[in-house]
Amino acid sequence: QVELVESGGGSVPTGGSLRLSCFASQSTWNMAWFRQAPGKQREGVAGFYTGSGTTDYIDSVKGRFTISKDNSKNTLYLQMNSLKPEDTAMYYCAADQRMLSGSLMPDRYNYWGQGTQVTVPS
């Protein structure tokens with residue numbers, strides 16, 4: 001069982017920055033950040049894929065968000081710059097230990113954190 005603990009959320013003005021962190025209790029294969037705004041479906045925001053050594057982003061955050069991973073610390077990060085009100089959501093870290101190809105589909109991840117709130121007031 002992998003435990004994931006997120007931190008780094010908060011409230012920032014439009015154009016501000018935040019860095020989310022996600023500590024994993026064990027080594028993992030693929031990891032990703034998802035978000036869910038009130039009344040909306042959970043969506044994959046950014047993925048870090050071990051097999052291909054690549055990262056992936058949804059179009060709305062490309063050029064603004066950067067996902068990275070420190071394997072020595074078992075920690076995943078999401079640097080979020082130029083934040084917009086539409087980025088407001090609960091952000092969740094997800095991980096999986098199966099050696100699957102990377103994806104931003106929620107069903108490809110077996111482990112989830114409790115979430116950290118990001119608010120960008122309009």
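None of the values given here were measured: they were computed from a predicted structure.
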Whether the side chain of [X] engages the backbone of [Y] through a donor-acceptor N/O pair (distance < 3.5 Å, no angle test) should be reported.
{"X": "Glu6", "Y": "Gly115", "value": "yes"}
{"X": "Asp87", "Y": "Val118", "value": "no"}
{"X": "Asn30", "Y": "Thr50", "value": "yes"}
{"X": "Ser25", "Y": "Val2", "value": "no"}
{"X": "Thr75", "Y": "Lys73", "value": "yes"}

- Query: Using 30° and 60° as the class limits, which term best fits the ring planes of Trp112 and Tyr92: parallel, tilted or perpendicular?
  - Reply: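 The rings of Trp112 and Tyr92 stand perpendicular, inter-plane angle above 60°.
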- Task: Report whether Ile58 and Tyr109 are members of the same hydrophobic cluster (ILVMFWY, side-chain heavy atoms less than 4.5 Å apart, transitive linking).
- Result: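 Yes: a chain of side-chain contacts under 4.5 Å links Ile58 to Tyr109.
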- Task: Consider only side-chain heavy atoms of I, L, V, M, F, W and Y, link residues closer than 4.5 Å, and tell whether Val45 and Tyr77 are in one cluster.
- Result: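 Different hydrophobic clusters.
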Locate the shortest heavy-atom distance separating [X] from [Y]; write the atom from each residue and the value.
{"X": "Pro85", "Y": "Pro121", "value": "CG-O, 4.0 Å"}
{"X": "Cys93", "Y": "Leu4", "value": "O-CD1, 3.6 Å"}
{"X": "Ala37", "Y": "Ala89", "value": "N-CB, 3.8 Å"}

Can you measure from [atom1] ([X]) to [atom2] ([Y]) and round to the nearest 0.5 angstrom?
{"X": "Trp29", "Y": "Asn110", "atom1": "CH2", "atom2": "CG", "answer": "15.5 Å"}
{"X": "Tyr57", "Y": "Leu104", "atom1": "OH", "atom2": "CG", "answer": "10.5 Å"}
{"X": "Met31", "Y": "Tyr111", "atom1": "CE", "atom2": "OH", "answer": "12.0 Å"}
{"X": "Ser27", "Y": "Asn71", "atom1": "OG", "atom2": "CG", "answer": "9.0 Å"}
{"X": "Asp96", "Y": "Thr28", "atom1": "CG", "atom2": "OG1", "answer": "8.5 Å"}
{"X": "Thr116", "Y": "Met90", "atom1": "OG1", "atom2": "CE", "answer": "7.5 Å"}

- Apply side-chain contact (heavy atoms from CB on, under 4.5 Å) to Val120 and Glu86, showing your working. CA-CA 8 Å; Val120 187; Glu86 51 263 44; over 6 Å; no
- Would you please test Leu83 and Phe65 for side-chain contact (heavy atoms from CB on, under 4.5 Å) and show each step? CA-CA 9 Å; Leu83 282 161; Phe65 291 11; 3.8 Å; yes
- Evaluate the criterion side-chain contact (heavy atoms from CB on, under 4.5 Å) for residue pair Val61 and Arg35; output intermediate values, then yes/no. CA-CA 12 Å; Val61 306; Arg35 67 185 180 188; 4.1 Å; yes
In the structure I gave you, are the side-chain heavy atoms of [X] and [Y] within less than 4.5 Å of one another anywhere?
{"X": "Val12", "Y": "Ser17", "result": "no"}
{"X": "Val5", "Y": "Gln114", "result": "no"}
{"X": "Met80", "Y": "Arg64", "result": "no"}
{"X": "Phe23", "Y": "Asp70", "result": "no"}

- Query: Crowded around Glu3 CD? As in, over 12 foreign heavy atoms under 6.0 Å?
  - Reply: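 Count not over threshold, so no.
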